[in-house]
Protein chains: 2
Amino acid sequence: MLISTKGRYGLRSMADLVLYAQNKPVPLRAIAERQGISESYLEQVFALLRKAGLVNAIRGSYGGYILARPAHQITVGEVLQALEGPLTLANCAHGGTTIECDKTDTCLTMSFWQELSAKMDEVLSSTTLQDLVDRERATGKSPEPKDK
Amino acid sequence: MLISTKGRYGLRSMADLVLYAQNKPVPLRAIAERQGISESYLEQVFALLRKAGLVNAIRGSYGGYILARPAHQITVGEVLQALEGPLTLANCAHGGTTIECDKTDTCLTMSFWQELSAKMDEVLSSTTLQDLVDRERATGKSPEPKDK
DNA sequence: CAATATTCCCACCAACTTACTAGGTTTAGA
DNA sequence: TCTAAACCTAGTAAGTTGGTGGGAATATTG
């Protein structure tokens, strides 16, 4: 039931991007090194993030990636969904929504899947990339804040 | 991110077992038919449930499976864990517990995984098989209650 | 213009997992 | 002894995971 490396690497990389972007694009190379991830694998991860509209790419020398929106407007749920596909546990429940299936009438577990999905969605859609970074800074281990 | 069929079939089957057991063992055949699952596949599911100590098997004619404990003492989390393995999203968080990894200091996502895991665990460990059946009965679609 | 640093794109791969099916053995009740 | 059940093991086709590698396009700098 592990989230795949795509989701885990991707989320860490997005947080890294928030932390180290100084209004300049951040090259994958730097992220890959800091996070200990293969650069060419990260490429594939960022291709998905770009297609989902979460980052913009700047090509060529001194290029890299930047967030498409401010960090406090990108939720962890969006990032994971872009990388993992729908965050659906069973076919009858997605986020807070009910999905009909042919056994809706007699299914004993539907309401459970819905409840669990809704609880997860609460966290996924209320936590933003900014939150991740803020929490980390609160522990006092990060590099200098941007506005130094 | 779907829970696998093992987990979904297994949970449905356990609820089915609660609903249809009349102090007699329930054969897989019956569960398989009611739930529309292949019997031989269910065998493998129940092998796991038995090894986890959640059901007891009674062999031979008129045999079948019975819950090892009362339905209100078996949580959905136990069932899913028996079938899916550890319900861990990332290597740094399991239920409410923190797991150390070599990047604990700098990991930007650890606290998020912990929060999400903890929220999921709340639901998983507080919902019992009895709850599933009670909810279903509340909708008035189930067969006669046991104590009729 | 040339060198360089980067994204971008695609093909490939080995290992593993999933969702089964099939065939047989053992056990116990009628 | 017949039969219905659990039990066990092996196989398998398709898909997923977690990558690697090669090269093309693009932008910056000297």
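The pair A:Glu33-A:Arg29 meets the salt-bridge criterion, since a charged nitrogen lies less than 4.0 angstrom from a carboxylate oxygen.
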Which letter, B, S or -, goes with each nucleotide of nucleotides 23-30 of chain D from 5' to 3', with contact meaning a protein heavy atom under 4.0 Å?
--BBBB--

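As a whole-Å value, the separation of A:Met1 CE from D:dT16 C1' is 17 Å. Between the CG atom of A:Leu42 and the C1' atom of D:dT20 there is a distance of 14 Å, rounded to whole Å. Between A:Leu2 atom CG and D:dT16 atom C1' there is a gap of 14 Å when expressed in whole angstrom units. Separating the CG atom of B:Leu49 from the P atom of D:dA6 is a distance of 13 Å, rounded to the nearest angstrom. With rounding to whole Å, B:Leu48 atom CG is found 12 Å from D:dC8 atom P. One can place NZ of A:Lys6 at 9 Å from C1' of D:dG19, the figure rounded to the nearest angstrom.
Heavy atoms of B:Arg50 sit under 4.0 angstrom from primed sugar atoms or phosphate atoms, though from no base atom. Note on A:Tyr65: only backbone sugar-phosphate atoms sit closer than 4.0 angstrom, heavy atoms only; bases stay farther off.
Every pair tested for side-chain hydrogen bond (donor to acceptor under 3.5 Å, both in side chains) that includes a residue from residues 49-63 of chain A fails, sequence neighbours excluded, so the list is empty. Identified under the salt bridge (Lys or Arg N to Asp or Glu O under 4.0 Å) test for residues 1-22 of chain B, with sequence neighbours left out: B:Asp16-B:Arg34.
Using cut-offs of 30° and 60° on the angle between ring planes, the pair A:Tyr9 and A:Tyr41 is perpendicular.
Judged by distance alone, the side chain of B:Thr97 and the main-chain N or O of B:His94 form a donor-acceptor pair under 3.5 Å.
Here A:Ser38 does not reach the OP1 or OP2 of D:dG18: none of its side-chain N or O atoms lies under 4.0 Å away. Side-chain N/O atoms of A:Ser40 include none lying less than 4.0 angstrom from OP1 or OP2 on D:dG21.
Hydrophobic clustering (ILVMFWY, side-chain heavy atoms < 4.5 Å, transitive): B:Leu80 and B:Val123 are in one cluster. Residue A:Leu17 is not grouped with residue A:Ile66 when hydrophobic side chains (ILVMFWY) are merged at heavy-atom distances under 4.5 angstrom, including chains of intermediate members.
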Take A:Thr128 and A:Gln73, measure what side chain to side chain contact (heavy atoms under 4.5 Å, CB included) needs, and give me the verdict at the end.
CA-CA 7 Å; A:Thr128 69; A:Gln73 284 176 23; over 6 Å; no

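A heavy atom closer than 4.0 Å to some atom of DNA chain D occurs in no member of residues 8-16 of chain B.
For the ring-ring contact (aromatic ring centres under 6.0 Å, His included) test, no residue two or more places apart in sequence or in another chain qualifies with A:Phe112.
On the nucleic acid side, DNA chain C contacts chain B at distances under 4.0 Å to non-hydrogen atoms, with the end points of that region at C:dA19 to C:dA30.
A distance of 8.5 Å separates OG1 of A:Thr88 from CE of B:Met1, quoted to the nearest 0.5 Å. Atoms OG and CG, on B:Ser4 and B:Leu83 in that order, are 7.5 Å from each other to the nearest 0.5 Å.
Judged by closest nucleotide on DNA chain C, A:Gln44 is the one of B:Glu39 and A:Gln44 placed further toward the 5' end.
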